[in-house]
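Working notes for the structure below.
First the proteins, then the strands, lettered A, B, ... as listed; each starts at 1. Because the structure is a prediction, the values reported are computed rather than measured.
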Number of protein chains: 2
Amino acid sequence: MSIKHILLGVISWYPASGYGIKKEVEYKGREQSWGSISYGSIYPQLKKLEEEHFIYCYEAQEHGRATKVYDLTKKGWDELESWLSETPQQPIVRDELRMKMSFWKAGHLGDVQHLIRHLEQRKEASHQMLEHYKGWENNDISMITDIAALSMEYTNLHLKMELEWIEKTLRRLREQDLPTTKDPNHLLEKAYKRKAQQI
Amino acid sequence: MSIKHILLGVISWYPASGYGIKKEVEYKGREQSWGSISYGSIYPQLKKLEEEHFIYCYEAQEHGRATKVYDLTKKGWDELESWLSETPQQPIVRDELRMKMSFWKAGHLGDVQHLIRHLEQRKEASHQMLEHYKGWENNDISMITDIAALSMEYTNLHLKMELEWIEKTLRRLREQDLPTTKDPNHLLEKAYKRKAQQI
DNA sequence: TTGGACATGTAACGGGTTACATGATTGA
DNA sequence: TCAATCATGTAACCCGTTACATGTCCAA
């Protein structure tokens, strides 16, 4: 992935400044769930890309304010094209909520009331993202390519799936309708005995 | 998130060595999609956690081989408990395939045949993960808590959703049944004109 | 006139990986 | 006997963020 290709990609949409790229990534990034990038990465990276002739720079007046605007060179377009053709990395997911759930054990480790709170917060966040997505879909100012629209559909399906899972999970937690713990080698049994013995 | 709590969490299942923790994370991590951890993080972190008295260490003979096995102290269990109660971070997703799709534009940027190949590879990977998941669900050796089983259900739903999306997307790409590009400000139009003009 | 968005940048730090180094045990 | 797996560790490096520094323009 790397910052480099995000920068080249965004600049492929329109000539942009460091500041503008950050704004675009934050906005577009919400639907596509790519998080944000800090200025501490953007500006040095733009400088480097310019030195390597992937992009070039010119001064522009954007509503009265001077900005450094970057555009792709031939080499930049080629690099982007070549990156697209490379096999993408396996996706990386870090979901702290589900990580915590891996260790949680009702009645032994973690308070179920806390988990319910975590899930409610996640529900709210996902709900808002879905609203944002819907608003985006129907506005008539945002640009999106044919292929990018296919990718956006993923986000939509994902959010819906997530909300259904949250609802179902909350229901099961509240009604104490939990799956049965599988512990064929009595590891957990031993573990919580160990826990109780610690001073 | 951080390595720290993964280590404490895994050790909460059973006393383990650095090597064993890596194995467990790689295996369990597949269903829960937490990727892997390198020895370069595990060993120094275990040392640090021992110095801070979250874990303690003893020598053990595991099938004839001497290993350093770590277990949680009272302080370690408390730290784990307290971490579980904290509001989890927003999940982080880096999906290079969908990132690439954001910039792709049929006939202008990126070769659709390459995209089809990327999607087929992803389909294969997701399919295998789903098989792995099913095998895991039905085996009678793996341990899982009640709450962790709820989290696993997420993985299952996610993989199924992903496979359906891939199928649908492949079909649309092959039948050239693409969504219409939205470009109200003619940005893309200009962009690809710029591209054509670069020497 | 002042706070907030616009705009660009650097230096220190952090949390991880990669690559390297080492050695024991086991099964083909 | 030799490759693979088990097992532990360190040092260099990379890629990013955080915090800091600086200045402009506009609207309330």
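Not a single donor-acceptor pair under 3.5 Å links the side chain of T67(A) to the backbone N or O of V69(A).
One interatomic measurement links the two molecules: CD of Q61(A) to P of dC6(C), which rounds to 17 Å at whole-angstrom precision. Rounded to whole angstrom, the span from the CD atom of Q45(A) across to the C1' atom of dT8(C) amounts to 16 Å. In this structure, L46(B) atom CG and dG16(C) atom P are separated by 13 Å, rounded to whole Å. Straight-line distance from the CD1 atom of I21(B) to the P atom of dT8(D): 9 Å, rounded to whole Å. One atom, NZ of K48(A), and another, P of dT10(C), lie 15 Å apart when rounded to the nearest Å. Spacing between atom CD of E24(A) and atom P of dC6(C) amounts to 14 Å, rounded to whole angstrom units. Atom pair L49(A):CG and dT8(C):P shows a separation of 15 Å (rounding to whole Å applied). Y43(A) places its OH atom 16 Å from the P atom of dA11(C), with the value rounded to the nearest Å.
When each of dC6(C), dG9(D), dT10(C) is scored by its nearest atom to the side-chain atoms of K47(A), the top-ranked nucleotide is dT10(C). Checked against dG9(D), dG16(D), dA7(C), the side chain of I3(A) finds its nearest nucleotide in dG16(D).
Along DNA chain D, the nucleotide nearest K68(B) and the nucleotide nearest Y19(B) are compared for position; the residue whose nucleotide lies closer to the 5' end is Y19(B).
Note on E120(B) versus R174(B): salt bridge recorded, some NZ/NE/NH1/NH2 to OD/OE distance being below 4.0 Å.
Within the structure, a side-chain polar atom (N or O) of S17(B) is placed less than 4.0 Å from OP1 or OP2 of dT8(D).
Checked against ring pair (Phe, Tyr, Trp, His ring centres under 6.0 Å), Y19(B) has no partners two or more places apart in sequence or in another chain.
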**OP:** Would you give a per-nucleotide map of nucleotides 18-28 of chain D, 5' to 3', where B means the base has a protein non-hydrogen atom under 4.0 Å away, S means only the sugar-phosphate does, and - means neither?
**Re:** B-----BB---

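Note on K23(A): only backbone sugar-phosphate atoms sit closer than 4.0 angstrom, heavy atoms only; bases stay farther off.
Side-chain contact between W136(A) and S142(A): present, with at least one pair of heavy atoms (C-beta onward) separated by less than 4.5 Å.
Between H108(B) and Y192(B), the ring-plane angle classifies as parallel under the 30° and 60° cut-offs. Using cut-offs of 30° and 60° on the angle between ring planes, the pair H158(A) and H158(B) is parallel.
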For a quick test of your reading: what N or O donor-acceptor pairs under 3.5 Å do the side chains of residues 109-116 of chain A make, sequence neighbours left out?
unit_1	atom_1	unit_2	atom_2	d
D111(A)	OD1	Q113(A)	N	2.7
H114(A)	ND1	R117(A)	NH2	2.8

